[in-house]
A.B. asks: 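One structure is given below, represented as structure tokens, and several questions about it will come after.
Fair warning: this is a prediction, and the values are worked out from it, not measured in the lab.
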Amino acid sequence: MRIAQLAPLAESVPPKLYGGTERVVAWLVDELVALGHDVTLFASGDSRTTGKLHPVWPRALRLGRKGADPSAACAMLLEAIARRAGDFDVIHSHVDWLPLPLLSRLGVPFLTTMHGRLDLPGLPDVVRQFPEACFVSISDHQRLPLPDAKWVETIQHGLPSELLQPSYEEGSYLAFLGRLTEDKGPEDAIRIAHAARMPLRIAAKIPRAETAYFRKHLQPRIDGEKIQLVGEVDDAQKQPFLSRAAALLFPIAWPEPFGLVMIEAMACGTPVIAYRSGSVPEVIEHGLTGFIVENEEQAVKAISELGKLDRRRVRARFEERFTAHRMARQYEDRYRELIAA
């Protein structure tokens, strides 16, 4: 098949540092190419892919020139796919709602994967405007606020099986990986680590909008010894960071659509201790790949029970459930259905 992939422009594909959606798009494109498809990636010019890159903006917006207008970049993305729509059998969008008015009028089958939260005002009205548009969710929980959307499948994320290698040794610290925002639970992670009397290492980016939150609530608690801030990590740094951890803490306070870091930890053989929220029960198997808890007290207790988990089994479940190859095969089936219809 001739497949177009539309990626967000905030980060390159894959991202240089932090970034979930763009990383998943990179893995998907590479797997589809390996399966023999002709794939064109519409993304920022600093992206890298085994497919054909159509650069629509010179550099990713977050790391590019300050003051770049995101709306102008998006306009370039829409114009690029409008001009080349006839080159493709199917178009796969990862940029949420923005392209729907255009894609609905191009006469080419298209699919949209929703990567963010959907419990926001106004979204049901948008869905009603595009009753024939097909959507993929990344968890069953994600789609609950929009039951009227035309959901064709839930396709959970997957990553290349060889990307992160497991360690079966008992880890020496707790890990936190993600954005330093309140809803990701970094304050909870710090309190849990203190209560469990274990060191915590935090590998995370500080969004510009969250600088005040970081300085007020987190920075005073980071002592550089028991609580260490590692900063953003790339794929090479992520491997040892996760594989040497006793567990990944995932104390989220929002309806997480998927939580890529959970399967990254599993790929390293590292169990996950997570609050029961959003997609967590669909990803973590309690007592097998980690523990699903309700609060800090239960999280501390779960840390004391990590010895009951088999890190080899954690890695095995990752290989059985969360590889990029499995993800690409599921999308391949959906593309064929759209084209046939």
Side-chain angles (χ1 to χ4, degrees), residues 7-24 44 46-47 57-74 95-96 98 115-121 173-195 198-238 241-242 245 248-262 264-265 273-275 277-278 296 299:
L9 300 173
E11 306 284 349
S12 62
V13 178
K16 302 297 187 290
L17 294 169
Y18 181 86
T21 299
E22 296 86 358
R23 189 162 272 114
V24 172
S44 63
D46 51 348
S47 298
W57 197 253
R59 290 197 66 201
L61 293 172
R62 186 168 79 90
L63 300 178
R65 184 190 304 176
K66 280 189 176 181
D69 186 350
S71 297
C74 291
V95 288
D96 297 335
L98 185 66
H115 289 269
R117 66 187 300 172
L118 302 179
D119 58 335
L120 302 176
Y173 56 87
L174 300 171
F176 179 93
L177 177 61
R179 295 192 314 273
L180 288 183
T181 59
E182 187 175 3
D183 56 11
K184 290 286 188 177
E187 292 176 80
D188 291 49
I190 292 172
R191 290 192 295 265
I192 291 166
H194 275 307
M198 286 192 69
L200 174 69
R201 295 186 184 177
I202 301 170
K205 87 172 193 179
I206 306 171
R208 292 174 186 169
E210 302 294 335
T211 302
Y213 167 74
F214 171 76
R215 289 176 178 168
K216 181 178 180 181
H217 297 282
L218 300 178
Q219 195 169 40
R221 304 182 185 187
I222 298 172
D223 58 15
E225 295 181 6
K226 289 294 186 182
I227 310 296
Q228 297 182 23
L229 178 61
V230 178
E232 287 190 69
V233 293
D234 58 22
D235 284 337
Q237 297 165 317
K238 191 179 295 181
F241 176 77
L242 288 174
L248 172 77
L249 296 183
F250 197 67
I252 57 171
W254 74 296
E256 177 73 65
F258 184 78
L260 188 61
V261 65
M262 290 190 285
E264 290 176 326
I273 298 174
Y275 284 178
S277 186
E296 292 176 31

A.B. asks: Quick check for you: to the nearest 0.5 Å, what is the distance between H217 atom NE2 and E187 atom CD?
C.D. replies: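 Atom-to-atom, H217:NE2 and E187:CD are 5.5 Å apart.
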A.B. asks: Could you tell me whether the side chains of Y275 and E256 share a donor-acceptor contact shorter than 3.5 Å?
C.D. replies: no
A.B. asks: Could you tell me whether E210 atom CD has more than 12 heavy atoms of other residues or ligands within 6.0 Å of it?
C.D. replies: yes
A.B. asks: Between T181 and Y213, is the side-chain contact (heavy atoms from CB on, under 4.5 Å) condition met? List the steps.
C.D. replies: CA-CA 8 Å; T181 59; Y213 167 74; 5.6 Å; no
A.B. asks: Looking at D46, is its backbone amide N or carbonyl O close enough to the side chain of K16 to form a donor-acceptor pair, meaning the two atoms are under 3.5 Å apart?
C.D. replies: yes
A.B. asks: Identify the heavy atoms of L98 and C74 that sit nearest to each other, and give their distance.
C.D. replies: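 Nearest pair, atom of L98 first, then C74: CD2-CB, 3.5 Å.
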A.B. asks: Hey, could you give me the CG/CD distance between L177 and E232, rounded to the nearest 0.5 Å?
C.D. replies: 10.0 Å
A.B. asks: Working to the nearest 0.5 Å, report the span between CD of Q219 and CZ of R221.
C.D. replies: 12.5 Å
A.B. asks: Please give me the minimum heavy-atom distance between A60 and S44, naming the atom from each residue.
C.D. replies: N-CB, 3.6 Å
A.B. asks: Taking all heavy atoms of L9 and all of A73, pick out the closest pair and write down the distance.
C.D. replies: CD1-O, 3.4 Å
A.B. asks: Locate the shortest heavy-atom distance separating D96 from H115; write the atom from each residue and the value.
C.D. replies: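 Closest pair (atom of D96, atom of H115, distance): OD1-N, 3.8 Å.
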A.B. asks: Can you sort out the partners of Q228 under side-chain contact (heavy atoms from CB on, under 4.5 Å), two or more places apart, ordered by chain and number?
C.D. replies: R201
A.B. asks: Under a 3.5 Å distance rule, please check whether S47 uses its side chain to pair with a backbone N or O of S12 as donor and acceptor.
C.D. replies: no
A.B. asks: Going by side-chain contact (heavy atoms from CB on, under 4.5 Å), name the residues that satisfy it together with I202, two or more places apart in sequence or in a different chain.
C.D. replies: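 Expected list: F176, L180, I190, L200, A204, I227, L229.
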A.B. asks: For the residue pair D188 and P251, what are the closest heavy atoms and their distance?
C.D. replies: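 Scanning both residues completely, I find the closest heavy atoms to be CB-CB, 3.9 Å.
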A.B. asks: Taking all non-hydrogen atoms of both residues into account, name the closest pair between A299 and I192 and its distance.
C.D. replies: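 Closest approach of A299 to I192, heavy atoms only: CB-CD1, 3.6 Å.
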A.B. asks: When rounded to the nearest 0.5 angstrom, what distance separates CG in L249 from CD in E296?
C.D. replies: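 The distance works out to 10.5 Å.
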A.B. asks: Who are the side-chain contact (heavy atoms from CB on, under 4.5 Å) partners of A236, not counting sequence neighbours?
C.D. replies: D234
